[in-house]
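We count ligands from 1, going down the list as the structure has it; atoms in each ligand are counted the same way. Computed from a predicted structure; not experimentally measured.
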Amino acid sequence: MKLTEVAAAVIEQRGADGITEFLLGQRAPGTFYPGFWEFPGGKVEAGETPHDALVRELREELGIEVVRADPWLRRQHVYEHAHVRLNFFRVREWHGELHDHVHSALAWQRADGLTVSPMLPANAPVLAALALPDFYAITHAGEIGIDAQLLALAHALEGGLKLVQLREPKLDAPRRAAFVHAAVDLCHQYGARVLVNGDLALAEAAGADGVHLPAVQLAAQTLRPDLPLVAASCHSTAELERAAELGCDFAVFGPVRATATHPGIAGIGWDNFAAALAVPPLPTFALGGLSRADCDAAQRAGAHGIAAIRAAWEG
Ligand SMILES: Nc1nc2c([nH]c(=O)n2[C@H]2C[C@H](O)[C@@H](COP(=O)(O)OP(=O)(O)OP(=O)(O)O)O2)c(=O)[nH]1
């Protein structure tokens, strides 16, 4: 079956209470999957890039002008009638008034609770990706000490941290296990999700939400570990593809800048980062000498958000 390229838009606005909402449209009668909800967009025409198609479709379908559309996520799906590759963009800035020409209805929705259904079958993982926060904090108790790390973790959770990786190569096995159990409990008290680096058995024993695979483990893994969240560390386009094939929920990619974690390794910079990601095959956090202030640059380059060790525990 021929591969059909599609551009799809996560069009965003701030809700009254400051929470980001995105727009869904209901497919009209007479189209395929009528009544199902989708992200506005459509097929990429000959000679267009996915970004060109996105700008054109939103102008034609909704009467709005795209100001900023960041590449975010690429997914393939095989329907009865077509094999589609969906190129999702986050439309973070746009202007004009919505005048819908193609859908039966439009609805502003939130990632933490959809009020419309059903969604097009290809879109369930996309909604899960939208529910990921834009900051992924990574622990280093092996450097600062277990007590100091648990204190910093509690402080960050108090401040709203929602996604954490416990990465402790420098702790011996008993101390690592003790730290992981304590940190998982703490994260869960605050409703944050927590992944354990490299150790599926420990992740399961401690009741963590997932496992984070270092690149060597990603290469060796033949099946997706059976936990709600699986993430992977990637350093090349091939590794990102591998992570997507394995069914990982998200990846981290870097280092963007030189970092104390990997002395002597130069950062790749935002241009190379953007070129490697293009529209990435899974949500990807930029990593390597970054702080929250870099989130905007990362998202313009195709990242879902930022991952950080040191910057996560400052202040
Ligand atoms: N726009 C959009 N299409 C999606 C989503 N999810 C999903 O599987 N698709 C699929 C459905 C279709 O097979 C394809 C989009 O094709 P379409 O028929 O809506 O495209 P189009 O607006 O260019 O319409 P046309 O040329 O057929 O008139 O992508 C989504 O969230 N948004």
Side-chain angles (χ1 to χ4, degrees), residues 1-13 20-94 96 98-132 241 244-245 247 249-250 278-284 299 302 304:
M1 211 183 291
K2 181 173 138 285
L3 185 66
T4 303
E5 293 280 354
V6 174
V10 182
I11 301 168
E12 300 183 354
Q13 74 169 14
T20 301
E21 302 177 334
F22 57 87
L23 190 67
L24 294 179
Q26 188 175 33
R27 294 182 67 92
T31 63
F32 113 102
Y33 280 92
F36 282 65
W37 291 81
E38 66 175 15
F39 295 90
K43 296 186 192 89
V44 178
E45 292 178 357
E48 281 185 330
T49 64
H51 186 275
D52 295 339
L54 188 89
V55 170
R56 175 184 51 72
E57 288 281 352
L58 299 196
R59 195 178 286 146
E60 288 172 6
E61 284 192 358
L62 301 174
I64 63 170
E65 288 299 320
V66 171
V67 177
R68 172 176 174 186
D70 299 335
W72 177 53
L73 192 57
R74 162 166 56 83
R75 292 195 58 82
Q76 296 200 28
H77 191 82
V78 181
Y79 285 107
E80 308 77 2
H81 69 291
H83 179 180
V84 293
R85 180 157 63 194
L86 302 155
N87 298 272
F88 285 92
F89 290 80
R90 302 287 286 262
V91 179
R92 294 191 161 93
E93 292 171 38
W94 51 278
L98 285 170
H99 290 291
D100 188 17
H101 301 295
V102 294
H103 297 99
S104 312
L106 293 177
W108 288 102
Q109 297 288 298
R110 292 178 174 195
D112 61 359
L114 240 56
T115 59
V116 298
S117 69
M119 279 295 283
L120 274 183
N123 289 359
V126 179
L127 294 166
L130 271 176
L132 290 171
E241 293 294 345
E245 273 167 29
D249 300 280
F250 63 92
V279 184
L282 74 176
T284 302
Q299 291 178 332
H304 177 86

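Here the heavy atom of the protein found nearest to atom 14 (C) of ligand 1 is V6 CG2, 3.7 Å. For atom 32 (N) of ligand 1, the nearest protein heavy atom (residue, atom name, distance) is F39 O, 2.6 Å. Looking at atom 23 (O) of ligand 1, its nearest protein heavy atom turns out to be K43 N, 2.9 Å. In terms of protein heavy-atom proximity, atom 6 (N) of ligand 1 is closest to N123 OD1, 3.1 Å. Residue, atom and distance of the protein heavy atom nearest to atom 19 (O) of ligand 1 are R27 NH1, 3.2 Å. Here the protein heavy atom with the shortest distance to atom 3 (N) of ligand 1 is E38 OE1, 3.7 Å.
Atoms of ligand 1 lying under 4.0 Å from at least one heavy atom of A122, given by number and element, are 8 (O). Close approach to G41 involves these atoms of ligand 1, each under 4.0 Å from a residue heavy atom: 1 (N), 22 (O). Near Y79, meaning under 4.0 Å from one of its heavy atoms, ligand 1 places the atoms 7 (C), 8 (O). Counting atoms of ligand 1 from 1 in the listed order, those under 4.0 Å from a heavy atom of E61 are 22 (O). Here is the list of ligand 1 atoms found below 4.0 Å of a heavy atom in L120: 4 (C), 5 (C), 6 (N), 7 (C), 8 (O), 9 (N), 11 (C). Remark: ligand 1 atoms within the under-4.0 Å shell around heavy atoms of F32 are 11 (C), 12 (C), 13 (O). Atoms of ligand 1 found under 4.0 Å from any heavy atom of L86 (numbered from 1 in listed order, with element): 4 (C), 5 (C), 6 (N), 7 (C), 8 (O), 9 (N), 10 (C), 29 (O). Counting the atoms of ligand 1 from 1 in the order shown, those under 4.0 Å from a heavy atom of G42 are 1 (N), 20 (O), 21 (P), 22 (O), 23 (O).
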Would L24 and V116 count as a side chain to side chain contact (heavy atoms under 4.5 Å, CB included) if you check the C-alpha gap in whole Å, the side-chain angles of each, and the deciding distance to 0.1 Å?
-> CA-CA 9 Å; L24 294 179; V116 298; 4.0 Å; yes
Could you go through the side chain to side chain contact (heavy atoms under 4.5 Å, CB included) check for H304 and W72 one step at a time?
-> CA-CA 6 Å; H304 177 86; W72 177 53; 3.0 Å; yes
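Of the heavy atoms in H77, none comes closer than 4.0 Å to ligand 1. With a heavy-atom cut-off of 4.0 Å, Y33 does not touch ligand 1 at all. Contact annotation: for T31 versus ligand 1, there are no heavy atoms closer than 4.0 Å.
A donor-acceptor contact closer than 3.5 angstrom links the side chains of T115 and Q109.
Residues I11 and L62 approach most closely at CD1-CD1, 3.5 Å, considering heavy atoms. Scanning all heavy atoms of the two residues, the minimum distance from D70 to Q299 falls at CB-O, 3.1 Å.
D100 places a side-chain N or O within 3.5 Å of a backbone atom of H103 that can act as its donor or acceptor partner. Proximity of a side-chain donor or acceptor of H83 to a complementary backbone N or O of T4 within less than 3.5 Å is not detected.
Ring-plane geometry between H81 and F32 is classed as tilted, the angle between the planes lying from 30 to 60 degrees on a 0 to 90 degree scale.
With respect to E5 and R74, no salt bridge is recorded, no charged nitrogen being found less than 4.0 Å from a carboxylate O.
Atom CZ of F36 sits about 11.0 Å away from atom CG of N123, to the nearest 0.5 Å.
S117 is linked by a side-chain hydrogen bond (donor to acceptor under 3.5 Å, both in side chains) to nothing, counting only residues two or more places apart in sequence or in another chain.
Counting only heavy atoms, the protein never gets under 4.0 Å from atom 28 (O) of ligand 1.
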